[in-house]
Amino acid sequence: MFFASLRKTAGGLTAATVLAVGATVLAAPSASAVGSSACTKNIADTTRQITRWGDTILRDGPGESYRKKKTLFTGEKVRLYCRAYNKHTATYWYYGKNGTTKGWIDEYAF
């Protein structure tokens, strides 16, 4: 009888634990798209050319944890609007537009 009661209690705790953990995972924030709201300094309307050898990734936000939106190559032009500093990687990220796609590019692309 004691073991049957213990088994029910453990089973109930397990279900409650799984439910709590599942809710926490669903509620956890992720790197979501960030537009120009993350900018810390506006840039006078300027167009720059990608000079990095290899591909450059246009992203949803100012950091490598953000989703890739488009791949840019050496010679392509980007219209820049502003920049933000990523303190975790100690790099500047620029917000701009290539064609009709807006996104973030790290400072080493230019």
Side-chain angles (χ1 to χ4, degrees):
M1 179 92 168
F2 172 74
F3 291 111
S5 175
L6 185 61
R7 179 183 251 164
K8 279 185 181 180
T9 303
L13 286 175
T14 302
T17 303
V18 167
L19 203 62
V21 170
T24 302
V25 170
L26 288 176
S30 62
S32 59
V34 176
S36 61
S37 63
C39 289
T40 54
K41 181 178 179 180
N42 287 330
I43 298 173
D45 193 16
T46 184
T47 300
R48 301 272 307 266
Q49 195 169 22
I50 302 293
T51 58
R52 174 187 285 155
W53 186 256
D55 23 322
T56 296
I57 307 298
L58 189 68
R59 296 183 180 274
D60 266 345
E64 292 185 1
S65 62
Y66 290 92
R67 182 180 68 88
K68 296 177 182 180
K69 292 180 81 174
K70 186 175 184 180
T71 301
L72 305 176
F73 301 96
T74 305
E76 288 193 64
K77 293 184 179 180
V78 179
R79 185 174 178 183
L80 300 178
Y81 303 112
C82 60
R83 76 175 186 195
Y85 184 72
N86 183 322
K87 64 182 178 183
H88 301 294
T89 59
T91 55
Y92 284 102
W93 285 77
Y94 291 87
Y95 182 73
K97 180 169 79 169
N98 173 264
T100 59
T101 307
K102 291 181 180 178
W104 291 88
I105 302 168
D106 68 75
E107 66 182 314
Y108 302 110
F110 308 108

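Worth knowing before you read on, the calculation uses all heavy atoms, side chains too, and leaves out hydrogens, waters and symmetry mates.
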Q: Considering non-hydrogen atoms only, spot the tightest contact between Pro62 and Ala84 and give its length.
A: CB-CB, 4.4 Å
Q) Judged by atom type as modelled, is there a donor-acceptor pair below 3.5 Å linking the side chain of Lys69 to the main-chain atoms of Lys102? A) yes
Q: Verify the distance criterion only: is there a donor paired with an acceptor across the side chains of Lys70 and Asn98 at less than 3.5 Å?
A: yes
(Q) Over 60° means perpendicular and under 30° means parallel, so tell me whether Tyr81 and Tyr95 are parallel, tilted or perpendicular. (A) tilted
Q) Do we get Arg59 above Tyr66's six-membered ring, with its NZ or CZ under 6.0 Å from the centre and within 45° of the axis? A) no
(Q) With rounding to the nearest 0.5 angstrom, report the CD to CD1 distance, Glu76 to Ile50. (A) 7.5 Å
Q. Taking the side chain as C-beta and beyond, is there a heavy-atom pair between Tyr94 and Val78 under 4.5 Å?
A. no
Q. Looking at Thr56 and Ala109, what are the two nearest heavy atoms and their distance?
A. CG2-CB, 3.6 Å
**Q.** Atom of Phe110, atom of Thr51 and distance for their closest heavy-atom approach
**A.** C-OG1, 2.9 Å
Q: For residues Gly63 and Asn86, report the shortest heavy-atom separation together with the two atoms involved.
A: CA-ND2, 3.7 Å
Q.
Between Thr40 (side chain only) and Arg83 (backbone N and O only), is there a donor and an acceptor less than 3.5 Å apart?
A. yes
Q | Least distance between heavy atoms, Tyr85 atom then Ala90 atom | A | OH-CA, 3.3 Å
Q) So, the side chain of Gln49 versus the backbone of Lys77: is there a donor-acceptor pair under 3.5 Å, distance only? A) no
Q) Can you tell if the side chain of Glu64 reaches within under 4.5 Å of the side chain of Trp93, non-hydrogen atoms only? A) yes
Q | Lys97 side, atom NZ; Leu58 side, atom CG - distance, nearest 0.5 Å | A | 12.0 Å
Q) How far does CG of Leu72 sit from CG of Asp55, to the nearest 0.5 angstrom? A) 9.0 Å
Q) Would a distance-only check, ignoring hydrogens and angles, find a side-chain to backbone donor-acceptor pair under 3.5 Å from Thr47 to Arg79? A) no
Q: Rounded to the nearest 0.5 Å, what's the gap from CG on Asp106 to OG1 on Thr89? Could you check?
A: 8.5 Å
Q) OH of Tyr92 to OH of Tyr108: how many Å apart, nearest 0.5 Å? A) 11.0 Å
